[in-house]
Amino acid sequence: MENTRQPFFYDITLRDGNQSLKKPWQLSEKEIIFNKLLELKVQAVELGFPASSEMDFEACRYLASIATEKTVVSVLARCVKNDITSAVEAVKHAGTPRIHTFLTLSPFHMKYVLNKDPMEVRKTAIEAVKFAYEEISKANKNGQVEFSVEHFGDCGENLDFVIDTLKEIVKAGATTINLPNTVERKRPRVFLDMIERVYDALPKSVSLSLHNHNDLGMATATTVEGYFSGAVQLECCLNGLGERAGNTNFYEVAVALHNSGVDVPIDLSKIYETALIVSQMSKVEIYEKAPLIGPDALAHRSGIHQDGALKTKDMEFGAYRPIHPSLIGRKDDEKIGFTSQSGKTAIFEIISKAGYPITIQEAIRLTPVIKEAAEKIGELPTRNIIDIYFREICNVQGPFKLTNFDHVEDNKFVVEFKYNDKPFKVTGEGNGPIDACMDALKQAGFERKLLFYKQIAMDEELLGSGAIAMSVIHIEGNNKESIIGRAIHKNTAVANVRAIFNAYNLIYKV
């Protein structure tokens, strides 16, 4: 079914979310959350349950007074006159107030919880909606009434009765009918079939609403598909807070609809900032694997995933992510973590991002060494990877070992080294230490062609060693390929010579 109506986001954080907290919020805290909801451009906010306490009543009344004219502010009331009267008093001065009343129509709950006959329950619901409509209409010309069929998900066996009751409730004044999956028990399709039957039966002027709990972990999927089954109002909660396993997660629904081409009237860029604030205030940590907002939501540890992620990191949709992080206001990049399952791409990215030069060939060379380290401790901190980089790239072990290098006169340098423990002491000559060292090695029988040389300035704080430059030497290998030698030292001449010997060790390594 194609839903041509724009989704209407009805946030329940201040009521359903708050009531589930170990320490519910005070008014000052509720005001912070309320203002974040306004920044998100949420169309409707359920402020609380005024009849539950004087404190909640005052909080609802105050927040209703500071709401924008267009924001629907709603409060909950049982199908009891005193509740409804309290609710009307709490929100009547808002620009667009709503009374949200509810009653179960599920056979199980009518029998075992209410202990009432279904027809008696129907009468109570209809009379409550009629009373609520009359009272809010007298208090405010823009007043609305919403009715919820608590435990609608359990109404499969008496759905005809429920639909007939809802028709009467609409006639009594309800303009929004909410169909909650108060406890998620079954697969989404069963619930959505029920939603579609109600949608087909009620006047199209009625807004159909969904309020799904996440007991089986499918609340987001049910809500998103519920929109495409005819529901227009989506009752969601910031950070997925709520009783038991929580309510439908606001962010997931908004982004899923956005990705599906739906015009979502929400400022998505405020999502990440809001999530962090709600987590801090609720004392409910964001699960590291939480979709979109979790610390690991942008993390890649598999070599295949890392390769695809890095090749598409600047695109709107990445190879292994559903959105660009900036869509929801995340400033952090995709995280590449190295484990035994990672590969050369991760090494190249981690070292490059840390500020050190590396080629993909060098990353390939480092891969087995870093993998071995990761197998012992798990995901390697960047510092460990950099330490291995310096050990393996800037101090290559092999048959050559430089023991001394001295400038003796003019363009002459004495080079002392061992090759497979055989000592050599040769005076090389050339235009600087690099030429002289290459000449000395040539005289010793190890002639190679110098292809390229450069000096790279390094950040002393980054290195933590006082080194100021990296020498990069390219020597022709056995198959005419370019072999790179690197070395770091305060003395650039020493760095140059060490880089040559590192390249030679790579070429002559058995």
Side-chain angles (χ1 to χ4, degrees), residues 295-296 298-303 305-307 309-310 313 332-403 405 417-418 454-475 482-510:
D296 255 17
L298 298 175
H300 309 285
R301 295 187 177 90
S302 155
H305 285 219
Q306 289 167 339
D307 182 64
L310 291 170
K313 63 181 180 180
D332 48 335
D333 295 325
E334 290 175 89
K335 175 186 172 185
I336 302 298
F338 195 92
T339 71
S340 59
Q341 304 302 302
S342 307
K344 63 182 185 297
T345 304
I347 294 172
F348 180 85
E349 176 70 9
I350 291 168
I351 293 174
S352 296
K353 196 170 182 179
Y356 301 105
I358 186 171
T359 65
I360 197 66
Q361 289 75 23
E362 289 171 320
I364 291 170
R365 181 152 55 86
L366 289 173
T367 299
V369 182
I370 298 180
K371 269 182 178 284
E372 184 179 359
E375 286 170 359
K376 296 175 182 176
I377 68 170
E379 184 172 347
L380 285 181
T382 297
R383 183 68 260 173
N384 295 42
I385 294 172
I386 298 303
D387 288 344
I388 295 172
Y389 165 80
F390 279 117
R391 187 183 75 222
E392 299 293 326
I393 297 296
C394 298
N395 187 26
V396 180
Q397 300 300 305
F400 287 90
K401 183 178 181 182
L402 176 67
T403 56
F405 178 75
F417 66 94
K418 290 181 179 179
K454 75 173 177 178
Q455 202 87 31
I456 300 174
M458 302 295 287
D459 187 330
E460 291 186 51
E461 288 187 21
L462 195 66
L463 292 167
S465 64
I468 58 171
M470 172 182 281
S471 292
V472 184
I473 302 288
H474 290 224
I475 305 291
S482 179
I483 303 297
I484 301 174
R486 299 184 190 273
I488 289 179
H489 199 272
K490 289 181 180 180
N491 185 313
T492 56
V494 174
N496 291 337
V497 175
R498 285 186 175 181
I500 292 172
F501 272 83
N502 283 334
Y504 266 64
N505 272 332
L506 291 171
I507 295 170
Y508 287 86
K509 217 170 192 176
V510 177

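Along the sequence shown, the residues carry numbers beginning at 1. All values below were derived from every heavy atom in this structure, side-chain atoms included, with hydrogens, water molecules and symmetry-related copies excluded.
- Between the CD1 atom in I475 and the CD1 atom in I500 there is a gap of 6.0 Å [rounded to 0.5 Å].
- In this structure, D296 contributes its side chain and A299 its backbone to no donor-acceptor pair below 3.5 Å.
- Annotation for A363 and I347: closest pair O-CD1, 3.9 Å, computed over non-hydrogen atoms.
- Within a 6.0 Å sphere centred on CD of Q455, heavy atoms belonging to other residues, nucleotides or ligands number more than 12.
- K371 places a side-chain N or O within 3.5 Å of a backbone atom of S342 that can act as its donor or acceptor partner.
- The distance between the ring centers of F390 and Y356 falls below 6.0 angstrom.
- Salt bridge status for R365 with E392: absent, with no side-chain N to carboxylate O gap under 4.0 Å.
- Looking only at distances, no side-chain donor or acceptor of E372 sits under 3.5 Å from a matching main-chain atom of V369.
- In this structure, F338 and A346 approach most closely via the heavy-atom pair CD1-CB, 3.9 Å.
- Closest approach of E379 to G337, counting heavy atoms only: OE2-CA, 3.3 Å.
- Rounding to the nearest 0.5 Å gives a distance of 7.0 Å between OG1 of T345 and CD of Q306.
- Scanning both residues, R498 and I488, for their nearest heavy atoms gives NH1-O, 4.4 Å.
- Of the inter-residue distances, the one linking H474 atom NE2 with I483 atom CD1 reads 10.0 Å to the nearest 0.5 angstrom.
- Other residues, nucleotides and ligands contribute at most 12 non-hydrogen atoms within 6.0 Å of the NZ atom of K401.
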Give the C-alpha distance, both sets of side-chain angles, the deciding distance and a yes or no for side chain to side chain contact (heavy atoms under 4.5 Å, CB included) between D333 and K353. CA-CA 11 Å; D333 295 325; K353 196 170 182 179; 3.8 Å; yes
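- Between the side chain of K509 and the main chain of Q397, a donor-acceptor pair closer than 3.5 Å is present.
- A heavy-atom distance below 4.5 Å is found between the side chains of N505 and P399.
- Side-chain atoms of E362 and I364, non-hydrogen and from C-beta on, never get closer than 4.5 Å to each other.
- Contact record, H300 with E334: NE2-OE1, 2.6 Å, taken as the closest heavy-atom pair.
- Ion pairing between R391 and D387 fails under the 4.0 Å rule for side-chain N and carboxylate O.
- Atom CD1 of I350 is separated from atom NZ of K335 by 9.5 Å, given to the nearest 0.5 angstrom.
- The line from OG of S302 to CG of D307 is 9.5 Å long, rounded to the nearest 0.5 Å.
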Could you go step by step and tell me if F348 and Q361 meet the side chain to side chain contact (heavy atoms under 4.5 Å, CB included) rule? CA-CA 9 Å; F348 180 85; Q361 289 75 23; over 6 Å; no
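- Closest approach of A354 to I386, counting heavy atoms only: CB-CD1, 3.9 Å.
- By the 30° and 60° cut-offs, the orientation of the rings of F400 relative to F501 is perpendicular.
- Within 6.0 Å of CD in Q341 there are 12 or fewer heavy atoms belonging to other residues, nucleotides or ligands.
- In this structure the side chain of I473 never reaches within 4.5 angstrom of the side chain of I484, judged on heavy atoms.
- At a threshold of 4.5 Å between non-hydrogen side-chain atoms, the residues I393 and I358 do not count as touching.
- Panel note: side chain N502, backbone V396; a donor-acceptor pair is recorded below 3.5 Å.
- To the nearest 0.5 angstrom, I351 atom CD1 is 5.5 Å from L366 atom CG.
- Within the 3.5 Å criterion, the main-chain N or O of N496 finds a donor-acceptor partner in the side chain of S471.
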